[in-house]
Amino acid sequence: MSRPTILRVPPLSPQLHDTVGERYDAVDPTDLPARAADVVGIVGSNAGQVGSDLIASLPNLGVIANHGVGYDNIDVPVALARGIAVSNTPEVLDDAVAETAIALLLAVRREVVVADRFVREGRWPAGPYPLTAQVAGSRVGIVGLGRIGQAVATRLEALGCTVSYHNRRQVDGVPYAYAASPVELAASVDSMVVVVPGGSATDALVDREVLDALGPDGVLVNIARGSVVDQPALVAALQDGRLGGAGLDVYADEPNVPAELVALDNVVLLPHVASGTHVTRAAMRELTLANLDAWLADGTLRTPVPEMGQ
Ligand code: NDP
(Lines give C-alpha, C1' and ligand atoms only; values in the text may rest on other atoms or scores of the structure.)
Protein backbone atom coordinates (compact mmCIF):
# COMPACT_ATOMS: atom_id res chain seq x y z
CA MET A 1 0.00 0.00 0.00
CA SER A 2 1.36 3.43 -0.86
CA ARG A 3 2.19 5.74 2.00
CA PRO A 4 0.07 8.89 2.50
CA THR A 5 1.58 12.11 1.21
CA ILE A 6 2.23 14.69 3.94
CA LEU A 7 3.39 18.26 3.33
CA ARG A 8 6.01 19.54 5.78
CA VAL A 9 5.46 23.29 6.23
CA PRO A 10 8.72 24.82 7.45
CA PRO A 11 10.18 25.57 9.84
CA LEU A 12 9.97 22.19 11.57
CA SER A 13 12.51 20.88 14.05
CA PRO A 14 15.03 18.51 12.40
CA GLN A 15 13.57 15.61 14.44
CA LEU A 16 9.99 16.25 13.31
CA HIS A 17 11.08 16.93 9.73
CA ASP A 18 13.03 13.64 9.61
CA THR A 19 10.36 11.55 11.38
CA VAL A 20 7.71 12.69 8.91
CA GLY A 21 10.14 11.74 6.14
CA GLU A 22 10.64 8.25 7.60
CA ARG A 23 6.96 7.46 8.22
CA TYR A 24 5.15 9.01 5.27
CA ASP A 25 5.61 10.09 1.67
CA ALA A 26 6.89 13.52 2.72
CA VAL A 27 6.84 16.51 0.41
CA ASP A 28 8.07 20.07 0.97
CA PRO A 29 6.88 23.42 -0.47
CA THR A 30 9.53 23.10 -3.21
CA ASP A 31 7.65 19.98 -4.45
CA LEU A 32 4.53 22.08 -5.07
CA PRO A 33 2.56 22.55 -7.25
CA ALA A 34 3.64 19.31 -8.98
CA ARG A 35 2.68 17.15 -5.97
CA ALA A 36 -0.22 19.30 -4.70
CA ALA A 37 -2.96 16.83 -5.66
CA ASP A 38 -1.25 14.02 -3.68
CA VAL A 39 -1.15 15.87 -0.36
CA VAL A 40 -3.68 14.60 2.21
CA GLY A 41 -2.10 16.06 5.35
CA ILE A 42 0.03 18.94 6.60
CA VAL A 43 2.44 18.94 9.50
CA GLY A 44 3.31 22.49 10.58
CA SER A 45 4.31 24.59 13.55
CA ASN A 46 3.37 28.04 14.81
CA ALA A 47 6.26 29.66 12.90
CA GLY A 48 4.95 28.51 9.51
CA GLN A 49 1.83 29.99 7.94
CA VAL A 50 -0.89 27.66 6.72
CA GLY A 51 -3.00 30.31 5.03
CA SER A 52 -6.01 30.22 2.76
CA ASP A 53 -3.89 30.21 -0.43
CA LEU A 54 -1.94 27.13 0.62
CA ILE A 55 -5.11 25.33 1.74
CA ALA A 56 -6.84 26.22 -1.54
CA SER A 57 -3.89 24.86 -3.54
CA LEU A 58 -4.23 21.37 -2.00
CA PRO A 59 -7.46 19.82 -3.36
CA ASN A 60 -7.23 16.58 -1.35
CA LEU A 61 -6.06 18.02 1.96
CA GLY A 62 -7.89 16.40 4.88
CA VAL A 63 -5.88 17.16 8.03
CA ILE A 64 -3.58 19.83 9.45
CA ALA A 65 -1.57 18.61 12.44
CA ASN A 66 0.00 21.56 14.25
CA HIS A 67 3.10 21.06 16.39
CA GLY A 68 2.14 23.57 19.09
CA VAL A 69 -0.87 24.48 21.20
CA GLY A 70 -1.21 27.93 19.60
CA TYR A 71 -2.51 27.72 16.02
CA ASP A 72 -2.95 31.36 14.99
CA ASN A 73 -0.66 30.45 12.06
CA ILE A 74 -3.50 28.39 10.52
CA ASP A 75 -6.55 29.79 8.74
CA VAL A 76 -8.89 27.56 10.75
CA PRO A 77 -12.22 28.95 9.42
CA VAL A 78 -11.12 28.26 5.83
CA ALA A 79 -9.94 24.75 6.77
CA LEU A 80 -13.12 23.88 8.66
CA ALA A 81 -15.34 25.23 5.88
CA ARG A 82 -13.74 22.61 3.63
CA GLY A 83 -14.11 19.85 6.21
CA ILE A 84 -10.37 19.73 6.89
CA ALA A 85 -9.55 18.50 10.41
CA VAL A 86 -7.15 20.59 12.54
CA SER A 87 -5.24 19.42 15.64
CA ASN A 88 -2.87 21.07 18.11
CA THR A 89 -0.80 19.90 21.11
CA PRO A 90 -2.46 21.04 24.36
CA GLU A 91 -1.36 20.11 27.92
CA VAL A 92 1.93 18.36 27.11
CA LEU A 93 3.74 21.71 27.14
CA ASP A 94 2.07 23.34 30.16
CA ASP A 95 4.95 22.66 32.60
CA ALA A 96 7.71 23.91 30.29
CA VAL A 97 5.86 27.08 29.29
CA ALA A 98 4.83 27.87 32.88
CA GLU A 99 8.43 27.39 33.97
CA THR A 100 9.54 29.89 31.37
CA ALA A 101 7.07 32.47 32.66
CA ILE A 102 8.43 32.06 36.18
CA ALA A 103 12.03 32.19 34.91
CA LEU A 104 11.33 35.49 33.13
CA LEU A 105 9.58 37.01 36.13
CA LEU A 106 12.41 36.05 38.48
CA ALA A 107 15.07 37.13 35.99
CA VAL A 108 13.55 40.60 35.57
CA ARG A 109 12.70 41.21 39.24
CA ARG A 110 15.98 39.85 40.65
CA GLU A 111 18.02 41.24 37.72
CA VAL A 112 19.61 37.85 37.13
CA VAL A 113 20.96 38.66 33.67
CA VAL A 114 22.34 42.09 34.54
CA ALA A 115 23.88 40.79 37.78
CA ASP A 116 25.51 37.93 35.85
CA ARG A 117 27.02 40.50 33.49
CA PHE A 118 28.22 42.51 36.51
CA VAL A 119 30.21 39.49 37.71
CA ARG A 120 31.55 38.57 34.27
CA GLU A 121 32.70 42.13 33.62
CA GLY A 122 34.75 42.08 36.83
CA ARG A 123 32.76 44.90 38.44
CA TRP A 124 32.06 43.14 41.77
CA PRO A 125 35.41 44.05 43.45
CA ALA A 126 34.53 47.74 43.00
CA GLY A 127 31.43 47.38 45.17
CA PRO A 128 28.32 45.29 45.80
CA TYR A 129 25.46 44.91 43.33
CA PRO A 130 22.43 47.14 44.08
CA LEU A 131 19.38 45.68 45.84
CA THR A 132 16.57 44.21 43.74
CA ALA A 133 12.81 43.63 44.00
CA GLN A 134 11.46 40.48 45.65
CA VAL A 135 8.90 38.24 43.96
CA ALA A 136 7.68 36.57 47.17
CA GLY A 137 4.87 38.64 48.65
CA SER A 138 4.14 40.40 45.37
CA ARG A 139 0.86 40.46 43.44
CA VAL A 140 0.85 38.82 40.02
CA GLY A 141 -1.98 39.04 37.49
CA ILE A 142 -2.44 36.44 34.77
CA VAL A 143 -4.13 37.40 31.51
CA GLY A 144 -5.42 34.02 30.29
CA LEU A 145 -6.04 31.59 33.14
CA GLY A 146 -6.29 28.55 30.87
CA ARG A 147 -4.18 25.38 30.96
CA ILE A 148 -0.82 27.18 30.97
CA GLY A 149 -2.12 30.13 33.00
CA GLN A 150 -3.23 27.78 35.78
CA ALA A 151 0.18 26.06 35.73
CA VAL A 152 1.77 29.51 36.13
CA ALA A 153 -0.63 30.32 38.98
CA THR A 154 0.24 27.24 41.08
CA ARG A 155 3.94 28.01 40.68
CA LEU A 156 3.36 31.63 41.72
CA GLU A 157 1.46 30.46 44.80
CA ALA A 158 4.44 28.28 45.74
CA LEU A 159 6.65 31.38 45.46
CA GLY A 160 4.40 33.23 47.93
CA CYS A 161 2.65 35.51 45.42
CA THR A 162 -0.97 36.64 45.43
CA VAL A 163 -2.53 35.63 42.12
CA SER A 164 -5.41 37.27 40.26
CA TYR A 165 -6.49 36.95 36.62
CA HIS A 166 -8.49 38.16 33.66
CA ASN A 167 -10.27 35.97 31.09
CA ARG A 168 -13.37 36.75 29.09
CA ARG A 169 -15.20 34.34 31.39
CA GLN A 170 -14.65 33.82 35.10
CA VAL A 171 -13.17 30.39 35.94
CA ASP A 172 -15.13 28.26 38.41
CA GLY A 173 -13.40 26.77 41.44
CA VAL A 174 -10.15 28.73 41.46
CA PRO A 175 -8.98 30.67 44.52
CA TYR A 176 -7.87 33.72 42.53
CA ALA A 177 -9.55 37.12 42.29
CA TYR A 178 -11.11 37.93 38.90
CA ALA A 179 -10.65 41.24 37.08
CA ALA A 180 -13.17 42.23 34.42
CA SER A 181 -10.57 43.75 32.06
CA PRO A 182 -6.82 43.72 31.43
CA VAL A 183 -6.63 47.37 32.63
CA GLU A 184 -8.42 46.55 35.88
CA LEU A 185 -6.07 43.61 36.40
CA ALA A 186 -2.95 45.68 35.62
CA ALA A 187 -3.98 48.41 38.06
CA SER A 188 -4.26 45.88 40.92
CA VAL A 189 -0.97 43.95 40.57
CA ASP A 190 2.81 44.37 40.63
CA SER A 191 3.49 42.07 37.67
CA MET A 192 1.41 40.69 34.83
CA VAL A 193 1.89 37.42 32.89
CA VAL A 194 0.20 37.22 29.47
CA VAL A 195 -0.76 33.74 28.22
CA VAL A 196 -3.78 34.05 25.92
CA PRO A 197 -3.95 32.71 22.33
CA GLY A 198 -2.83 34.99 19.48
CA GLY A 199 -5.07 36.07 16.60
CA SER A 200 -7.45 38.91 15.91
CA ALA A 201 -9.46 38.52 19.17
CA THR A 202 -6.40 39.31 21.30
CA ASP A 203 -4.57 41.72 18.98
CA ALA A 204 -2.95 44.45 21.17
CA LEU A 205 -5.03 43.32 24.17
CA VAL A 206 -2.16 44.73 26.22
CA ASP A 207 -2.02 48.32 24.99
CA ARG A 208 -0.67 51.62 26.30
CA GLU A 209 -3.52 51.96 28.79
CA VAL A 210 -2.79 48.53 30.28
CA LEU A 211 0.96 49.23 30.44
CA ASP A 212 0.36 52.58 32.14
CA ALA A 213 -1.94 50.88 34.65
CA LEU A 214 0.87 48.43 35.43
CA GLY A 215 3.06 51.44 36.02
CA PRO A 216 6.70 52.43 36.62
CA ASP A 217 7.29 49.61 39.15
CA GLY A 218 5.32 47.05 37.14
CA VAL A 219 6.73 44.13 35.15
CA LEU A 220 5.13 42.55 32.07
CA VAL A 221 5.90 38.94 31.12
CA ASN A 222 4.71 37.87 27.67
CA ILE A 223 4.87 34.17 26.81
CA ALA A 224 1.72 34.26 24.63
CA ARG A 225 2.22 35.78 21.18
CA GLY A 226 3.88 39.02 20.11
CA SER A 227 0.60 40.23 18.61
CA VAL A 228 -1.09 40.28 22.03
CA VAL A 229 1.06 43.22 23.19
CA ASP A 230 1.24 46.56 21.35
CA GLN A 231 5.01 46.34 20.85
CA PRO A 232 5.68 50.02 19.96
CA ALA A 233 3.66 51.02 23.04
CA LEU A 234 5.70 48.57 25.14
CA VAL A 235 9.01 49.95 23.85
CA ALA A 236 7.86 53.53 24.52
CA ALA A 237 6.64 52.69 28.05
CA LEU A 238 9.96 51.04 28.92
CA GLN A 239 12.01 53.87 27.42
CA ASP A 240 9.95 56.54 29.22
CA GLY A 241 10.11 54.69 32.54
CA ARG A 242 6.31 54.35 32.58
CA LEU A 243 6.81 50.57 32.87
CA GLY A 244 9.36 49.01 35.22
CA GLY A 245 10.50 46.05 33.14
CA ALA A 246 9.56 43.21 30.83
CA GLY A 247 10.34 39.55 30.26
CA LEU A 248 9.58 38.50 26.70
CA ASP A 249 9.59 35.20 24.84
CA VAL A 250 7.56 36.40 21.85
CA TYR A 251 7.64 39.43 19.53
CA ALA A 252 5.62 41.14 16.85
CA ASP A 253 7.95 40.17 13.97
CA GLU A 254 9.96 37.11 14.96
CA PRO A 255 12.87 36.53 14.76
CA ASN A 256 13.41 40.30 14.59
CA VAL A 257 13.68 41.98 17.99
CA PRO A 258 13.65 45.79 18.04
CA ALA A 259 17.08 47.32 18.79
CA GLU A 260 15.35 49.54 21.37
CA LEU A 261 14.47 46.46 23.44
CA VAL A 262 17.95 44.98 23.10
CA ALA A 263 19.39 48.25 24.44
CA LEU A 264 17.38 48.12 27.67
CA ASP A 265 18.75 46.53 30.87
CA ASN A 266 15.32 46.14 32.49
CA VAL A 267 14.21 43.70 29.81
CA VAL A 268 14.99 39.97 29.53
CA LEU A 269 14.68 38.59 26.02
CA LEU A 270 14.19 34.95 25.05
CA PRO A 271 14.00 33.63 21.46
CA HIS A 272 10.50 32.00 21.62
CA VAL A 273 11.69 28.97 23.57
CA ALA A 274 8.97 28.61 26.23
CA SER A 275 8.19 25.00 25.29
CA GLY A 276 11.75 24.26 24.20
CA THR A 277 12.85 21.44 26.50
CA HIS A 278 13.88 17.98 25.27
CA VAL A 279 11.08 16.20 27.11
CA THR A 280 8.32 18.63 26.07
CA ARG A 281 9.31 18.83 22.43
CA ALA A 282 9.40 15.00 22.28
CA ALA A 283 5.88 14.86 23.75
CA MET A 284 4.67 17.53 21.30
CA ARG A 285 6.16 15.58 18.38
CA GLU A 286 4.51 12.39 19.53
CA LEU A 287 1.10 14.05 19.93
CA THR A 288 1.35 15.79 16.54
CA LEU A 289 2.02 12.46 14.82
CA ALA A 290 -0.59 10.62 16.94
CA ASN A 291 -3.18 13.07 15.62
CA LEU A 292 -2.02 12.52 12.06
CA ASP A 293 -2.06 8.72 12.47
CA ALA A 294 -5.52 8.74 14.08
CA TRP A 295 -6.93 10.78 11.22
CA LEU A 296 -5.28 8.54 8.62
CA ALA A 297 -6.61 5.43 10.41
CA ASP A 298 -10.24 6.40 11.01
CA GLY A 299 -10.74 10.15 10.48
CA THR A 300 -10.60 11.03 14.21
CA LEU A 301 -8.16 13.30 16.06
CA ARG A 302 -6.61 12.89 19.53
CA THR A 303 -6.67 16.62 20.24
CA PRO A 304 -8.81 18.58 17.78
CA VAL A 305 -8.77 22.39 18.08
CA PRO A 306 -11.85 23.64 20.00
CA GLU A 307 -13.37 25.19 16.86
CA MET A 308 -13.98 21.64 15.59
CA GLY A 309 -16.53 21.31 18.38
CA GLN A 310 -15.61 17.72 19.32
P1 NDP B 1 -6.07 27.75 26.83
O2 NDP B 1 -7.04 27.77 25.71
O3 NDP B 1 -6.09 26.64 27.82
O4 NDP B 1 -6.14 29.11 27.65
C5 NDP B 1 -6.31 30.35 27.04
C6 NDP B 1 -6.91 31.31 28.05
O7 NDP B 1 -6.97 32.61 27.48
C8 NDP B 1 -8.31 30.93 28.49
O9 NDP B 1 -8.38 31.01 29.87
C10 NDP B 1 -9.21 31.97 27.83
O11 NDP B 1 -10.34 32.25 28.65
C12 NDP B 1 -8.26 33.18 27.74
N13 NDP B 1 -8.60 34.06 26.63
C14 NDP B 1 -8.78 33.71 25.33
N15 NDP B 1 -9.10 34.79 24.59
C16 NDP B 1 -9.13 35.84 25.45
C17 NDP B 1 -9.42 37.22 25.29
N18 NDP B 1 -9.75 37.73 24.10
N19 NDP B 1 -9.35 38.02 26.37
C20 NDP B 1 -9.03 37.51 27.58
N21 NDP B 1 -8.75 36.20 27.80
C22 NDP B 1 -8.80 35.38 26.75
O23 NDP B 1 -4.64 27.82 26.11
P24 NDP B 1 -3.21 27.38 26.68
O25 NDP B 1 -3.08 27.82 28.08
O26 NDP B 1 -2.95 25.96 26.34
O27 NDP B 1 -2.25 28.26 25.72
C28 NDP B 1 -2.38 29.67 25.70
C29 NDP B 1 -1.52 30.28 24.62
O30 NDP B 1 -0.16 30.32 25.03
C31 NDP B 1 -1.47 29.54 23.28
O32 NDP B 1 -2.61 29.78 22.50
C33 NDP B 1 -0.21 30.11 22.66
O34 NDP B 1 -0.49 31.26 21.91
C35 NDP B 1 0.64 30.49 23.87
N36 NDP B 1 1.81 29.62 23.96
C37 NDP B 1 3.05 30.15 23.78
C38 NDP B 1 4.16 29.35 23.81
C39 NDP B 1 5.52 29.90 23.60
O40 NDP B 1 6.37 29.20 23.10
N41 NDP B 1 5.79 31.14 23.99
C42 NDP B 1 4.06 27.90 24.02
C43 NDP B 1 2.71 27.45 24.25
C44 NDP B 1 1.64 28.29 24.20
P45 NDP B 1 -11.71 32.81 28.02
O46 NDP B 1 -12.02 31.91 26.86
O47 NDP B 1 -12.68 32.73 29.15
O48 NDP B 1 -11.43 34.20 27.62
Side-chain angles (χ1 to χ4, degrees), residues 11 13 44-49 66-74 76 86-105 141-156 163-174 176 178-186 192-207 209-210 220-230 246-252 254-255 257 268-277 279-281 283-285 287-288 303-309:
S13 69
S45 73
N46 64 53
Q49 291 300 313
N66 195 52
H67 178 261
V69 69
Y71 49 92
D72 46 313
N73 55 308
I74 301 171
V76 174
V86 182
S87 66
N88 65 345
T89 61
E91 292 179 12
V92 294
L93 40 60
D94 294 354
D95 288 340
V97 180
E99 246 172 45
T100 304
I102 300 298
L104 283 170
L105 180 63
I142 300 175
V143 183
L145 194 73
R147 291 174 293 247
I148 298 168
Q150 296 200 30
V152 173
T154 53
R155 284 159 176 78
L156 289 170
V163 177
S164 53
Y165 74 101
H166 165 70
N167 278 1
R168 288 167 302 183
R169 286 171 294 270
Q170 211 162 331
V171 181
D172 290 335
V174 296
Y176 316 124
Y178 176 72
S181 71
V183 177
E184 189 184 312
L185 183 70
M192 202 162 91
V193 176
V194 186
V195 62
V196 291
S200 55
T202 57
D203 195 32
L205 188 67
V206 176
D207 58 9
E209 199 188 346
V210 175
L220 178 79
V221 171
N222 186 11
I223 50 161
R225 287 287 180 266
S227 60
V228 179
V229 175
D230 179 340
L248 306 173
D249 185 48
V250 289
Y251 308 87
E254 297 174 10
V257 178
V268 175
L269 305 168
L270 294 180
H272 200 150
V273 291
S275 70
T277 67
V279 67
T280 289
R281 287 290 167 85
M284 289 167 64
R285 235 173 12 250
L287 185 52
T288 303
T303 49
V305 298
E307 289 88 334
M308 289 192 63

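For ligands, and for the atoms within them, numbers begin at 1 and follow the listed sequence. Given the structure is predicted, the values throughout are model-derived calculations rather than measurements.
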Please say whether more than 12 non-hydrogen atoms of neighbouring residues, nucleotides or ligands are located less than 6.0 Å from CD in E184.
-> yes
Heavy-atom contact under 4.0 Å between A224 and ligand 1?
-> yes
Around atom 43 (C) of ligand 1, find the nearest protein heavy atom and jot down its residue, atom name and distance.
-> V69 CG1, 3.5 Å
Of the backbone atoms (N, CA, C, O) and the side-chain heavy atoms from C-beta on, which set of L145 has a member under 4.0 Å from an atom of ligand 1: side chain, backbone, both, or neither?
-> backbone
L105 and L156, any side-chain heavy atoms less than 4.5 Å apart | yes
Quick one: side chains of residues 92-99, donor-acceptor pairs under 3.5 Å with protein atoms, not counting sequence neighbours, listed by atom name and distance.
unit_1 : atom_1 : unit_2 : atom_2 : d
D95    : OD1    : R155   : NH2    : 3.0

H272 contact mode with ligand 1 (heavy-atom cut-off under 4.0 Å) | side chain
Side chain, backbone, both or neither: the part of T100 lying under 4.0 Å from ligand 1 by heavy atom | neither
Provide, to 0.1 Å, the distance between atom 28 (C) of ligand 1 and the closest protein heavy atom, together with that atom's residue and name.
-> V195 O, 3.4 Å
What pair of heavy atoms forms the shortest contact from G68 to N88, and how long is it?
-> O-CB, 3.2 Å
How far is atom 22 (C) of ligand 1 from its nearest protein heavy atom, and which residue and atom is that?
-> V196 CG1, 3.6 Å
Protein residue, atom and distance nearest to atom 42 (C) of ligand 1, heavy-atom basis | V97 CG2, 3.5 Å
Identify the protein heavy atom lying closest to atom 9 (O) of ligand 1, giving its residue, its atom name and the separation to 0.1 Å.
-> N167 ND2, 2.9 Å
Polar atom proximity, T202 to ligand 1 (N or O, under 3.5 Å) = no
What are the atoms of ligand 1, with element, lying closer than 4.0 Å to any heavy atom of A201?
-> 18 (N)
Where the side chain of T288 meets the backbone of M284, is there a donor-acceptor pair that is under 3.5 Å apart?
-> yes
Look up atom CD1 in I74 and atom CG in N46, then write down how far apart they are to the nearest 0.5 Å.
-> 9.5 Å
Note the single closest protein heavy atom to atom 23 (O) of ligand 1, along with its residue, its atom name and the distance in Å.
-> R147 NH2, 3.5 Å
For the residue pair D72 and P197, establish whether any side-chain heavy-atom pair is separated by less than 4.5 Å.
-> no
Are any of the N/O atoms in L93 less than 3.5 Å from those in ligand 1?
-> no
Do T202 and R225 come within less than 4.5 Å of each other through their side chains, counting heavy atoms only?
-> no
Which atoms of ligand 1 have any heavy atom of H166 under 4.0 Å away?
-> 20 (C)
List every atom of ligand 1 that sits less than 4.0 Å from any heavy atom of A274, numbering the atoms from 1 in the order shown and giving each element.
-> 39 (C), 40 (O), 41 (N)
Nearest-contact summary for atom 5 (C) of ligand 1 - protein heavy atom, Å | P197 CD, 3.7 Å
Can you tell me if Y178 uses its side chain to pair, donor with acceptor, with the backbone of N167 under 3.5 Å?
-> yes
Is the shortest N/O to N/O distance between G144 and ligand 1 below 3.5 Å?
-> no
Should you measure from each heavy atom of V250, which atoms of ligand 1 turn up under 4.0 Å away?
-> 41 (N)
Check: N66 side chain, V69 main-chain N or O, donor-acceptor pair, under 3.5 Å = no
Taking N or O atoms only and a 3.5 Å limit, does R168 qualify as a polar contact for ligand 1?
-> yes
Hey, is I148 touching ligand 1 through its side chain, its backbone, both or neither, going by heavy atoms under 4.0 Å?
-> both
Of all the atoms in ligand 1, which lie at a distance below 4.0 Å from a heavy atom belonging to R169?
-> 45 (P), 46 (O), 47 (O)
Sub-3.5 Å donor-acceptor pair from the side chain of Y165 to the main-chain atoms of V171, do we have one?
-> yes
the protein heavy atom lying closest to atom 4 (O) of ligand 1 turns out to be G146 CA, 3.3 Å
So, the side chain of N73 versus the backbone of A47: is there a donor-acceptor pair under 3.5 Å, distance only?
-> no
Go through the structure and list residues passing side chain to side chain donor-acceptor pair (under 3.5 Å) with S45, not counting sequence neighbours.
-> none
